[in-house]
Structure formats: C-alpha cells, structure tokens
Amino acid sequence: MPGCFKKTLFALASLISFVSFVLIVVAMGTPKWMTGKILCKTGADLVNATDPELVKFIGEIYYGLFRGGKIRQCGLGGRRSKFTIFPHMVKKLNTGLHVMIIMFLCVAIFLSLVSFGFCILNAIKVPYRAINGPAGACLWNFLAGGFVVLAVTSFMAAVKLHHLTERIANFRENVFQFVILEERFEDCFWICVASATAHAVNLLLIAISGIHFPKMKTKTEEVNVTAEDIMY
C-alpha cells in the first residue's frame, strides 16, 4: 500500500486528470473559440463611408471547431446568421489542419482518461510493473498535455497563418467582401490551455510523490546496567 502522502498526491492527480477531460469536452462542444469584428468593405466603399459612418458597416463573428455565427452590417442594419463547419464550410478552409485539431483533442480526451486510471491505480496500491507505476502516469500525462498543446498551436496557426476568420467571414458571400478588424481568442481556447497546464501540474505532483523524505527517529534512552544492578 502506498503511504498516506503518496496516496494523497495521486488522488489529487487523478482529480486533475478528470477535470482536464471535462475541460476538453466542454471546449470542443462550445462555439466560442474565436470572436472578432468584421468590416463590410464593399458596402463601406460604395458610400465612401468615413470614420463616424463606419460603425454601420462593422459586424461581429464568432466560431468554434464545429459551428459559429455572425452579424452582417452592410448599411441596412444587422443580420444574424449561424453556420456549421461540417460538411460544407470545411471545404473552403484548410481541411487537413482543421481535422488535425479535432483529432488531437480527441486523442487528448482518451489519454486524459488513461492518466486518470493510472493515477487511481497508484493511489490504491503499488503496481508490480514499473510501467504501471509513477513512470506510466508521467508518460500518459505528458502525452495528454502534449496533444492539447498540438491542438492549441494548430488552431493558432490556422487563425494567424491561414486566415481562418477571414475565410469563414467570407463564406458564400458573393456580393460583399468582409475584412477582419479584430480577433480575440475566447474562453474555450483558454480552457484548452488550462487543460494542458493541468497535465503539467500532474507531472509535478508525480515527481514530488517520488521524493523520499527522511523519517523522524526518536532517540531511545540507553539503559546503563551496572554490576550493582545485577546483584539486586
């Protein structure tokens, strides 16, 4: 049986792994990875809009991995619309990169559950095989956090290098052209960052569990036996 200190650390690590699993699932299902402001350039150019008038041509957009929405402002009032990434819009995006982001997160979900199981195992007993012990727990936490980092990095590359927001904003816009004025990474993106951080914390906890702290020894009083004591 593991010691009380080690058992507490692995119980905490298992809880963090489960929280990471929940965070990734919530992030994937929420359409708020990115928000931004979009300018209807075609409408603004038609009326030669100046700075005070540009407000009438500035709309909003938000999207996640599977769906999103936008408010078009082209001088005639705001028009709300919603869209889904699959199956039509993904053809206009960088399909391979977008699918890779989803795949990375799916693998991270699986690995988070595996690391949860390994931490529970180490909290209950000391495994006979080394791979099932702290080394295995470290491995699965490292892989889970690594795949989340890959997903986050890939999404940033899609936004910054492949102009993901601009492509989504101009999807099926045959008349008007939209320009991106502002982009902001939203809660779901940072939730994934928090998930990767959680696995890094787990690695630290597992490392601490392997430290052997010196035990406090109580000094026993030495009994001096003399010849007179033996006589009595």
Side-chain angles (χ1 to χ4, degrees), residues 16-41 57-74 78-116 143-174 176-200:
I16 292 176
S17 293
F18 185 76
V19 169
S20 174
F21 159 76
V22 174
L23 289 178
I24 300 173
V25 171
V26 170
M28 289 187 69
T30 308
K32 275 293 180 77
W33 280 60
M34 177 69 66
T35 60
K37 293 183 179 180
I38 53 177
L39 171 66
C40 182
K41 189 175 182 298
F57 298 91
I58 297 178
E60 298 178 359
I61 188 171
Y62 68 90
Y63 60 90
L65 298 180
F66 298 99
R67 63 188 189 276
K70 65 180 179 181
I71 302 175
R72 300 165 72 254
Q73 293 274 11
C74 294
R79 295 186 179 182
R80 296 178 179 269
S81 61
K82 293 184 179 181
F83 54 82
T84 56
I85 304 295
F86 294 93
H88 306 294
M89 188 178 290
V90 72
K91 298 177 183 178
K92 299 295 182 180
L93 310 179
N94 190 321
T95 307
L97 185 58
H98 197 81
V99 172
M100 280 176 57
I101 296 170
I102 297 173
M103 290 290 293
F104 286 150
L105 290 177
C106 288
V107 174
I109 288 174
F110 172 74
L111 293 176
S112 295
L113 290 178
V114 174
S115 66
F116 168 74
L143 291 176
F147 273 98
V148 177
V149 171
L150 285 175
V152 168
T153 305
S154 299
F155 184 77
M156 292 177 65
V159 172
K160 299 300 181 183
L161 301 180
H162 295 274
H163 311 289
L164 181 62
T165 308
E166 185 175 348
R167 293 189 182 199
I168 292 177
N170 288 287
F171 178 69
R172 288 182 177 175
E173 293 288 349
N174 299 320
F176 298 103
Q177 180 185 3
F178 290 91
V179 177
I180 308 304
L181 298 180
E182 181 182 324
E183 290 177 316
R184 295 185 304 276
F185 291 104
E186 288 296 336
D187 295 341
C188 291
F189 174 84
W190 297 113
I191 283 176
C192 284
V193 175
S195 172
T197 306
H199 287 290

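All heavy atoms count here, side chains included; hydrogens, waters and symmetry mates do not.
- The closest side-chain heavy-atom distance from Met89 to Thr84 is not below 4.5 Å.
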Problem - Trace of the side-chain contact (heavy atoms from CB on, under 4.5 Å) decision for Met156 with Phe185 - result: CA-CA 9 Å; Met156 292 177 65; Phe185 291 104; 4.0 Å; yes
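- For the pair Thr153 (side chain) and Val149 (backbone), a donor-acceptor distance under 3.5 Å is present.
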Exercise for the section: For side-chain contact (heavy atoms from CB on, under 4.5 Å), just list the numbers for Leu65 and Ile85, CA-CA rounded to whole Å, side-chain angles, deciding distance to a tenth of an Å, and then say yes or no. Expected result: CA-CA 7 Å; Leu65 298 180; Ile85 304 295; over 6 Å; no
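- Phe66 contributes atom CZ, which lies 14.0 Å from atom CZ of Phe83 (distance to the nearest 0.5 angstrom).
- Ala108 and Ile24 make their closest contact through CB-CD1, 3.9 Å (heavy atoms, listed as atom of the first residue, atom of the second, distance).
- Residue Gly78 comes nearest to Ile71 through the heavy atom pair CA-CG2, 4.1 Å, listed as atom of the first residue, atom of the second, then distance.
- Leu161 contributes atom CG, which lies 9.0 Å from atom CG of Leu97 (distance to the nearest 0.5 angstrom).
- Lys160 and Glu183 make their closest contact through NZ-OE1, 3.7 Å (heavy atoms, listed as atom of the first residue, atom of the second, distance).
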Handout entry: Verdict with reasoning, Arg72 to Arg79, per side-chain contact (heavy atoms from CB on, under 4.5 Å)
Key = CA-CA 5 Å; Arg72 300 165 72 254; Arg79 295 186 179 182; 4.0 Å; yes
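- Using cut-offs of 30° and 60° on the angle between ring planes, the pair His98 and Phe86 is tilted.
- One finds the CE atom of Met28 at 4.0 Å from the SG atom of Cys106 (value rounded to the nearest 0.5 Å).
- Using a 4.5 Å heavy-atom threshold, the side chains of Phe147 and Leu105 count as separate.
- Figure legend: cation-pi geometry between Lys32 and Tyr62, with NZ or CZ positioned under 6.0 Å from the six-membered ring centre and within 45° of its axis.
- Crowding of Arg184 atom CZ: a count of heavy atoms from other residues, nucleotides or ligands under 6.0 Å exceeding 12.
- Residues satisfying the side chain to side chain contact (heavy atoms under 4.5 Å, CB included) criterion with Ala169, sequence neighbours excluded, are Ile38, Ile61, Phe178, Ile180.
- Looking only at atom types and distance, the side chain of Tyr63 has no donor-acceptor partner in the side chain of Thr35 under 3.5 Å away.
- To the nearest 0.5 angstrom, Phe189 atom CZ is 7.0 Å from Met34 atom CE.
- Remark: Lys41 engages Asp45 in a salt bridge (Lys or Arg N to Asp or Glu O under 4.0 Å) (not counting sequence neighbours).
- Counted within 6.0 Å of CZ on Phe171, heavy atoms from surrounding residues, nucleotides or ligands total more than 12; the atom is thus considered enclosed.
- Atom-to-atom distance recorded for Ser81:OG and Arg172:CZ is 11.5 Å, nearest 0.5 angstrom.
- Here the straight-line distance linking atom OG of Ser112 with atom CG of Leu143 works out to 10.5 Å at 0.5 Å rounding.
- No side-chain N or O of Ser17 forms a donor-acceptor pair with one of His199 less than 3.5 Å apart.
- Nearest heavy-atom pair, Gln73 versus Ile58, reported as atom, atom and distance to 0.1 Å: CG-O, 3.2 Å.
- Between Trp33 and Phe155, the distance from one ring center to the other falls under 6.0 angstrom.
- Summarising the geometry of Cys192 relative to Val148, their closest heavy-atom pair is O-CG1, 3.1 Å, with the distance given to 0.1 Å.
- Of all non-hydrogen atoms in Phe104 and Ser154, the two that sit nearest each other are CE1-OG, 3.7 Å.
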